[in-house]
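Quick notes on the structure that follows.
None of the values given here were measured: they were computed from a predicted structure.
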Amino acid sequence: MIFVVMAIVGLFSGVVGALIGLGGGVILVPSLLFLGTAFAFFPDLSPQKIVGLSVIMMIFTGLSSTLSYMKVKTVDYRSGFIFFIGSAPGTILGAFANKGLDLPSFNLYFGILLVLLALLLLVRDRLKTVHWFVEHGRKYKFIDNQNKEYVYGYPIWFAMLLTFFIGFASGLFGIGGGSMIVPAMILLFLFPPHVAVGTSMFMVFLSAIVNSITHVSLGNVPWIYTLAVVPGAYIGAKIGASLNKKLNSDTLVVILRIALLVLGLRSIYEGLFSS
């Protein structure tokens with residue numbers, strides 16, 4: 001039964017993560033924390049083990065969805081590598097910082113992050129795009145399949161600084177970083193949305209490799225559970241990447257906002273009032 005639950009959570013995390021470029025960890029981690037504390041499904045999984053499981057999963061969701069986005073040429077490899085160079089040191093520091101968190105502290109800080117992400121998703125459509133970064137950085141062009149031309153770009157120093165902090169959060173909480181980098185790519189760097197998602201998943205894949213090596217060395221990976229989560233997440237990422245080409249994801253984003261807000265508030269409550 002536990003493996004079935006794990007596979008379903010992995011599948012759902014893969015679909016949502018690939019569909020809107022989140023990486024899946026932002027779904028997997030709070031879901032397992034909720035199932036573990038509310039229903040005691042996974043009494044042997046500490047926050048560190050859940051994070052370790054999440055980063056292993058993100059290697060496969062990142063690879064699966066990146067391969068799909070490569071086929072439709074919506075991956076900016078150069079930007080992905082630049083973002084990865086910035087995020088890699090952050091993921092290592094975040095993974096080591098994760099060692100010092102007990103369950104209440106993890107719940108509290110992770111809950112705050114989830115609420116902030118929910119609010120970011122809530123207001124991102126109302127925020128005005130910022131042209132300063134494109135005007136003062138390296139510019140790129142992209143022409144979509146409807147012959148619409150996009151000009152986007154960023155100062156490399158700022159992109160690396162931003163992704164360092166995103167990498168730290170990724171290593172600390174086991175999330176892919178896409179939930180933070182995609183809005184920044186769209187609003188600050190003026191990326192076309194589909195290119196932002198595809199490039200985000202490429203960065204998630206590269207960062208997850210570094211992240212997982214660190215968590216494996218710390219003994220944070222419950223390998224037996226990867227047998228259920230990884231196949232489900234890999235298949236889910238294929239589905240999510242395919243849906244991304246066909247669907248307007250606004251409805252899913254609305255659902256995700258609500259889910260992150262509810263899970264975040266519950267996590268904060270657990271962190272403050274659990275014994």
Side-chain angles (χ1 to χ4, degrees), residues 1-62 64-65 98 101 103-104 106-118 121 169-180 204 208 211-212 215 220-222 224-237 239-240 249 252-271 274:
M1 177 64 181
I2 289 177
F3 282 87
V4 173
V5 172
M6 283 279 191
I8 292 172
V9 174
L11 179 72
F12 183 68
S13 300
V15 171
V16 176
L19 180 60
I20 50 182
L22 300 182
V26 75
I27 303 297
L28 184 81
V29 173
S31 297
L32 295 186
L33 281 174
F34 172 74
L35 293 171
T37 55
F39 300 101
F41 268 129
F42 321 112
D44 55 331
L45 286 187
S46 64
Q48 287 75 21
K49 299 284 186 185
I50 291 175
V51 169
L53 179 62
S54 176
V55 297
I56 293 295
M57 177 200 73
M58 284 188 295
I59 293 176
F60 294 92
T61 57
S64 174
S65 51
N98 173 272
L101 294 180
L103 182 57
F106 185 91
N107 273 324
L108 176 61
Y109 300 139
F110 190 58
I112 292 171
L113 178 63
L114 290 181
V115 171
L116 290 176
L117 291 177
L121 287 171
S170 176
L172 184 64
F173 296 116
I175 61 176
S179 50
M180 292 170 278
V204 165
N211 208 351
S212 63
H215 280 284
N220 289 347
V221 179
I224 188 67
Y225 291 128
T226 64
L227 298 177
V229 169
V230 167
Y234 188 86
I235 295 170
I239 297 171
S249 59
L252 184 62
V253 171
V254 171
I255 296 172
L256 184 62
R257 289 170 187 161
I258 297 170
L260 290 179
L261 186 60
V262 171
L263 289 170
L265 291 174
R266 185 187 181 282
S267 190
I268 292 172
Y269 177 85
E270 288 289 331
S274 63

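Atom CG in Leu33 sits 10.0 Å away from atom OG in Ser46 (nearest 0.5 Å). Atom-to-atom distance recorded for Ser54:OG and Ile59:CD1 is 10.5 Å, nearest 0.5 angstrom. In this structure, CG on Leu28 lies 7.5 Å from CE on Met6, to the nearest 0.5 angstrom.
Using a 30° and 60° split on the angle between ring planes, Tyr225 and Phe3 fall in the tilted class, from 30° to 60°.
Checked against side-chain contact (heavy atoms from CB on, under 4.5 Å), Val115 has the following partners two or more places apart in sequence or in another chain: Leu119, Leu261, Leu265, Ile268. Shown here are the side-chain contact (heavy atoms from CB on, under 4.5 Å) partners of Ile8, two or more places apart in sequence or in another chain: Val4. Legend: residues meeting side-chain contact (heavy atoms from CB on, under 4.5 Å) with Ser31, ordered by chain and number and at least two apart, are Val9, Ile27. For Ser267, the side-chain hydrogen bond (donor to acceptor under 3.5 Å, both in side chains) partners two or more places apart in sequence, or in a different chain, are Asn107. The side-chain contact (heavy atoms from CB on, under 4.5 Å) test applied to Leu116 returns Ile112, not counting sequence neighbours. In this view, Phe106 and Phe110, Phe173 satisfy the ring-ring contact (aromatic ring centres under 6.0 Å, His included) rule, not counting sequence neighbours.
When all heavy atoms of Met58 and Gly174 are compared, the closest pair comes out as CE-O, 3.3 Å.
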Run the numbers on Leu172 and Leu113 for side chain to side chain contact (heavy atoms under 4.5 Å, CB included), then give the verdict. CA-CA 11 Å; Leu172 184 64; Leu113 178 63; over 6 Å; no

Going through the distances and angles, do Thr61 and Ser13 end up as a side chain to side chain contact (heavy atoms under 4.5 Å, CB included)? CA-CA 9 Å; Thr61 57; Ser13 300; over 6 Å; no

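Here the side chain of Gln48 pairs no donor or acceptor atom with the backbone of His215 at under 3.5 angstrom.
No side-chain heavy atom of Leu101 sits under 4.5 Å from any side-chain heavy atom of Pro47. The shortest distance between side-chain heavy atoms of Val51 and Asn220 does not fall below 4.5 Å.
When the options Leu45, Val229, Ile50 are evaluated for a side-chain contact (heavy atoms from CB on, under 4.5 Å) with Pro222, the one that passes is Leu45.
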